Amino acid sequence: MDLPVWSVWIISGLAALQALALVPLIRRSRGPDPLLRSKARIDLLETAGSLVALTGLLLALGVAEFWSLLALVGFALMSAAYVTNGLRLLRARRRRPRDGRG
């Protein structure tokens, strides 16, 4: 499948930005605060999943259809990160003390 050159450059640029986003996340995941480390690991999973999905999309469009499975793995990683984030927010909301107002 022939792709326009501009679309390959856009996807490559997005993948490069995602790779650059990994650097501060790795630094945060090594910090002293356990809560911050936990959130950084979830963010790291989401960013890595996005990077895998973009790479799979680029390879599927440019090289062979087989690489679309890599994009699906990336979407599964991102979904796992979103579910984990949602469960953490739900748990924090349930643990919040009630003040007696409606």
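The shown structure was predicted, so the numbers you read here are calculated from the model rather than taken from an experiment. No hydrogens, no waters, no symmetry mates; every other heavy atom, side chains included, goes into these values.
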- Message: Enumerate the side-chain hydrogen bond (donor to acceptor under 3.5 Å, both in side chains) contacts for residues 17-36, please, sequence neighbours excluded, ordered by first and then second residue.
- Response: R28-D43

- Item | CH2 on W9 to CG on L58, rounded to 0.5 Å | 11.0 Å

- Query: Can you list the residues that meet the side chain to side chain donor-acceptor pair (under 3.5 Å) rule with R41, with sequence neighbours excluded?
  - Reply: none

- Message: Going by side chain to side chain contact (heavy atoms under 4.5 Å, CB included), name the residues that satisfy it together with L69, two or more places apart in sequence or in a different chain.
- Response: F66, L72

- Exercise: identify the closest heavy-atom pair between A71 and L57: CB-N, 3.8 Å

- Joining Ile, Leu, Val, Met, Phe, Trp and Tyr whenever any side-chain heavy atoms lie under 4.5 Å apart, the cluster holding L89 also takes in none

- Message: Test of understanding: with side chain to side chain contact (heavy atoms under 4.5 Å, CB included), list the residues that count as partners of V63, not counting sequence neighbours.
- Response: L59, W67

- Message: Distance check, rounded to the nearest 0.5 Å: L17 atom CG versus L54 atom CG?
- Response: 10.0 Å

- Note on the structure: For W6, the side chain to side chain contact (heavy atoms under 4.5 Å, CB included) test, sequence neighbours excluded, returns P4, I10

- Query: Mind checking who shares a hydrophobic cluster with L44, ILVMFWY linked at side-chain heavy-atom distances under 4.5 Å?
  - Reply: L22, L25, I26, L51

- residues 72-92 vs side-chain hydrogen bond (donor to acceptor under 3.5 Å, both in side chains), sequence neighbours excluded, gives S38-R88, E46-Y82

- Message: So, using salt bridge (Lys or Arg N to Asp or Glu O under 4.0 Å) as the criterion, who are the partners of R37 when residues are at least two apart?
- Response: none

